[in-house]
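Order of appearance sets the numbers: ligands from 1, and atoms from 1 within every ligand. Keep in mind the model is a prediction, meaning the values are calculated, not measured. For reference, positions follow the sequence shown, starting with 1.
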Amino acid sequence: MSEAVAVAHPNIALTKYWGKRPGAGRFPAVPSLSVTLAGLSTRTRVRFDQALAADRVVLNGVPADGEVEARAVELLARVRAASGDPRFAEVETRNDFPTASGLASSASGFAALALAAAKASGLAWDAARVSDLARQSSVSAARSLFGGYVELDAGTVAGGSPASDFLAARPIAPGGHLPLAVLVCVTSEGAKAIGSTTGMQTTLNESPYAEAWLSHAPRLHARLRAALLARDFAAMGALAESSALAMHASAIAAGVVYWTGATLEALQAVRGLRAAGVLAFATVDAGPHVKILVQPEDAARVKATAGAVPGVRRVIEASIGEGACIDATAAGVRAEAGVEAAKAS
Ligand code: DP6
């Protein structure tokens, strides 16, 4: 029996990945830059066992639904192909944040699964190789292997075999480089209507603005990266908001509408804060929730304003966190002599 437990955190993209390169594999069409969040975790245990006749995936205590299970089984099959060990695995994964909170549970979920599966199967992979493995299940998961500010390039290959095309995220600055608080304004508790994989595909296939998005996104990305490196919070926030608005504008033109009235109310509140001199900026992912980016000293005031927005049910405050890591102290995991809690970042 070989097992490992990994912990990973969600990440929020400041410049959005939206759209895949055509051809085989799961390669982003545009670069993205994210920040990994502290205080919200996915914890995943993987156990390879010769007594199992198939992989088993349990998410928050219940068997995972068909699509999540299929993606997890694909990841496990990639690990088996790399290690040469044919055993099936039992996967138990749990989020300590509400799944409908608008935080990308697939990012932390596949990052934790990739790290735990690689470790449990004895693969001595560095964080970049694990990031590449996670990307093949969900592109945004590649970024959760690392802490602080993290960048993922666009894929360079328009087709070909994904197994031979490597693409991993990389850390570009620690959280302390430019401290930031993220206020997640939860506007509804239901699951989102259109998953991101389908939403971005429909956008690229049907939006009259798809080409505009694909050419504009890398320019926004380069400018935001420069603002981050220059520690210019105001410029970085403004560019993050632009990236989210451009992504949604292209999606909305294809009929992919994630916004609700509460989304617009929250966006309006953020504009009001800026008009009052507060550096607050908004970003929105593939759902209705608005995430507000502020400097830590403004978090309490902005949280109070956001909580009073019509349609906002609650506000979750997160700071910048660390990359995924193996929990070598987890109960039931055999301690390996000389191996410490190996950090992936
Ligand atoms: C809006 O990584 O969930 O959150 O690769 O198809 O699994 P797949 O998509 P996913 O998309 C994330 C989209 C986003 C922006 C981002 O995180 O960059």
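Taking every non-hydrogen atom of Ser138 and a distance limit under 4.0 Å, the qualifying atoms of ligand 1 come out as 2 (O), 3 (O), 5 (O), 7 (O), 8 (P), 10 (P). The distance from ligand 1 to the heavy atoms of Ser106 drops below 4.0 Å at these ligand atoms: 3 (O). Per-residue contacts place Lys20 under 4.0 angstrom from the following atoms of ligand 1 (heavy atoms of the residue considered): 5 (O), 6 (O), 8 (P).
Using cut-offs of 30° and 60° for the angle between ring planes, the His177 and Tyr149 rings count as perpendicular.
Cation-pi check for Arg129 over Phe166 is not met; the charged atom does not lie both under 6.0 angstrom from the ring centroid and within 45 degrees of its normal.
When the heavy-atom distances from atom 3 (O) of ligand 1 to Ser243, Ser196, Ala141 are ranked, the shortest goes to Ser196. Of the listed options Lys16, Met200, Arg143, Arg143 places a heavy atom closest to atom 16 (C) of ligand 1.
For Ala13, every heavy-atom contact with ligand 1 shorter than 4.0 Å involves the side chain, none the backbone.
Connection of Leu239 to Leu180 is established within a shared hydrophobic cluster, with ILVMFWY side chains joined at heavy-atom distances below 4.5 Å, either directly or through further cluster members.
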Inset, instruction - Could you check Arg87 against Ser2 for side-chain hydrogen bond (donor to acceptor under 3.5 Å, both in side chains), going step by step and ending with a plain yes or no? - result: CA-CA 10 Å; Arg87 288 178 297 173; Ser2 325; 2.8 Å; yes
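Using a 4.0 Å cut-off between charged nitrogen and carboxylate oxygen, Glu241 and Arg271 count as a salt-bridge pair.
The only option from His221, Arg143, Glu151 that meets the side-chain hydrogen bond (donor to acceptor under 3.5 Å, both in side chains) definition with Ser32 turns out to be Arg143.
Considering backbone and side-chain atoms alike, Trp18 places every N or O at 3.5 Å or more from each N or O of ligand 1. Backbone and side-chain nitrogen or oxygen atoms of Ser140 are examined, and one is located within less than 3.5 angstrom of a nitrogen or oxygen of ligand 1.
We find the CZ-CG distance between Arg21 and Leu204 to be 10.5 Å, quoted to the nearest 0.5 Å.
Proximity of Arg71 to ligand 1 is established by a heavy-atom distance of less than 4.0 Å.
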